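So that the names make sense, note that chain A is the first sequence line, chain B the second, and so on, each numbered from 1. A quick note: this is a predicted structure, and the numbers were derived from the prediction, not measured.
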2 protein chains.
Amino acid sequence: MSADTRSKPNKGSGGENAGAPGSLEEAGGKSSLQRGLAILRLLASSNETGARLTDISRALDLTPPTVHRLLKILVEEGMAEADKATKRYRLGIDLFGLAAQAGNPNNLRDICRPILLRLSATLRDTIFLLVRSGFDAVCLDRSEGPFPIRSFTGDIGGRVTLGVGQGSLAIMAFLHEEEREEVIRFNLPRMQGVGIIDEVYLRTEIARVRDLGYASRSTGLLPGMSGVAVPVLDRDGHAVAALSVGTISERLNEERLPVVVDILKRESAAISRQLNPFDPVLRRPAAILGGGPA
Amino acid sequence: MSADTRSKPNKGSGGENAGAPGSLEEAGGKSSLQRGLAILRLLASSNETGARLTDISRALDLTPPTVHRLLKILVEEGMAEADKATKRYRLGIDLFGLAAQAGNPNNLRDICRPILLRLSATLRDTIFLLVRSGFDAVCLDRSEGPFPIRSFTGDIGGRVTLGVGQGSLAIMAFLHEEEREEVIRFNLPRMQGVGIIDEVYLRTEIARVRDLGYASRSTGLLPGMSGVAVPVLDRDGHAVAALSVGTISERLNEERLPVVVDILKRESAAISRQLNPFDPVLRRPAAILGGGPA
DNA sequence: CAAAAGCTTCCGATATGCGGAATAGATGGG
DNA sequence: CCCATCTATTCCGCATATCGGAAGCTTTTG
């Protein structure tokens, strides 16, 4: 980041593709790899409709021949797909397969999937699995409950500033001391308007969460909505993820809250156990290896 | 110029690792974009453990400085992550967020998620959502039922040759005529040993599936296992996906099969309806737009 | 049917990425 | 504790792969 300003005046007017607001993260620097990735990101942001070559060209400020060449490579590699009919490009399915493995340390996602299902069935609310990524929390998976609520954290792959939301707090509270400090320092300015803005209060909250073992507050982001989250700990007691429930406040009243917390904690512990499947003797993991998908 | 040919001119000669058959999928050609993507693929295949710089260097036959530079870019762009402690690289979470959008035409995945859940709960078996990708079917999503069965199609992102398995057949049967012919021509050789090898029989099967509206056979791949699948159709009556159930044969006997098929068809129709949310008058799709995840 | 916009190919100039070699850092063994 | 080995990182000159202007070709628009 920083310092790119390629001095391109950007011609601005163009206007029509209301698609990606603000973002427009400039071309992508210099290397063709960066440019290729920039194209992928652009495609991701316009996957609803797809993007045409010239759209990309304009948005990224690259010449059509360049975009054409890069797209050709991306398509050959399966990272993008061209709809020959409409001349629109979309992200390729290979990319999807690729990323099924991504952000999945220790197969966290796979391990949690059945647990999320169980939880959403039991609690009847939507359950989120969040992991830390830098200064954000990322939604790794989600399992919808029957109740029609949508947290803005909602989409899989979506990010929130660490510290905003209960899941985030649960993770924050169980980070290494120094990491937490770093996050707080970096994130406080980012939380303006969407989260806690007072450092003292934030620290109080974190201490409380650490103490109780769960985070639960009316978020204040959406009136009437509440959340409760517990951390998923590694064997050193540090957060690797969080399980979070988002629902309407009435469903997390004094009566029900302890029950929910209890269930969440139990499941979180189950996950932790699976994360460290480590039998002093037979410490061979799932390793089915061998065949390979060829 | 259909150009679909993934076979590249391949110049072969370069030669150093020409010897090793299998694995080692060559560096990735020439462009740095290709090399970068090759690295990502390698990381995906070794995400369990992570890969070190020299591992990558050797596996892809690139010099360490090159790998180092590319990795640096990938890390900066969030596509890879470096574990500074172990010196190992893994896929980055950004990639995951990226791909959450991928291979998701019309938000098929999002639309189907609750339906898969419902189905797996109702039928108590594992439900697969497959889409076509070139000459393969790709598993877009999966919802595990209580029964402990695993189809080899299992993993999200996994691919099967179109024509192998019931889901595949369901898709095949409802492709455009010409597309189907193309697929058959291309895939027959690929199905040796893992699927139907007789063209006449394959065509009979397809006709049958088309006629019945579902595919169901003991796959023969795993004795005792069966599958049943229905296509998900677009408004022209062509397959965009398939819903598939994999389970033990006993659970798809004459008595239960019709029930299952019926349920699947109903859900498939529900998906189709959502895919074409198109009211002659108010033909504005789901477009909630605006906010964006920012 | 003409005009415009978009897509693709070609090609020369040059910036970009490449890899050999040398440095710094980590790891392990004697 | 020090040395040998392996790995990661930096540097730099050379060459290649990439870029973009221009022009041909195709599709859409009016």
If only side-chain N and O atoms of [X] are considered, is one of them under 4.0 Å from the OP1 or OP2 phosphate oxygen of [N]?
| X | N | answer |
| --- | --- | --- |
| B:Arg35 | D:dA17 | no |
| A:His68 | C:dC7 | no |
| A:Thr66 | D:dG20 | yes |
| A:Thr54 | C:dA5 | no |

Does the A:Ser272 side chain pair with the main chain of A:Leu233, one donor and one acceptor, at a distance under 3.5 Å?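 Checking the backbone N and O of A:Leu233 against the side chain of A:Ser272, a donor-acceptor pair under 3.5 Å is found.
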How many Å lie between [atom1] on [X] and [atom2] on [N], as a whole number?
| X | N | atom1 | atom2 | value |
| --- | --- | --- | --- | --- |
| B:Ile56 | D:dT9 | CD1 | C1' | 15 Å |
| B:Gln34 | C:dG17 | CD | C1' | 14 Å |
| A:Glu76 | C:dT8 | CD | P | 13 Å |
| B:Leu71 | D:dT7 | CG | P | 15 Å |
| A:Lys72 | D:dA17 | NZ | P | 15 Å |
| A:Arg88 | C:dA5 | CZ | C1' | 14 Å |
| B:Leu60 | C:dG19 | CG | C1' | 16 Å |
| A:Leu70 | C:dT9 | CG | P | 14 Å |

Over-ring placement of A:Arg210 relative to A:Phe174, 6.0 Å and 45° cut-offs: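 That pair qualifies as a cation-pi contact.
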NZ/NE/NH1/NH2 to OD/OE distance under 4.0 Å, B:Asp94 and A:Arg159: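 A salt bridge is present here (some side-chain N lies under 4.0 Å from a carboxylate O).
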Any Lys/Arg nitrogen of A:Arg52 or A:Asp83 sitting under 4.0 Å from an Asp/Glu carboxylate oxygen of the other?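 No, A:Arg52 and A:Asp83 are not salt-bridged.
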By nearest atom, which of the nucleotides C:dG6, D:dC11, D:dG20 is closest to the B:Pro65 side chain?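 The answer is D:dC11.
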With nearest nucleotide decided by heavy atoms, which residue, A:Ser32 or B:Lys87, maps closer to the 5′ end of DNA chain D?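 So the residue in question is B:Lys87.
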May I have the step-by-step check of salt bridge (charged side-chain N to carboxylate O under 4.0 Å, His left out) for A:Asp55 and A:Lys87, ending in yes or no? CA-CA 11 Å; A:Asp55 298 334; A:Lys87 250 65 187 314; over 6 Å; no
Under 4.0 angstrom, heavy atoms only, what part of the nucleic acid is B:Thr63 near: base, sugar-phosphate, or nothing?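 The residue B:Thr63 makes base contact.
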Quick one: on DNA chain C, does A:Leu33 or A:Tyr89 contact a more 5' nucleotide (nearest heavy atom)?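 Looking at the nearest nucleotide for each, A:Tyr89 comes out on the 5' side.
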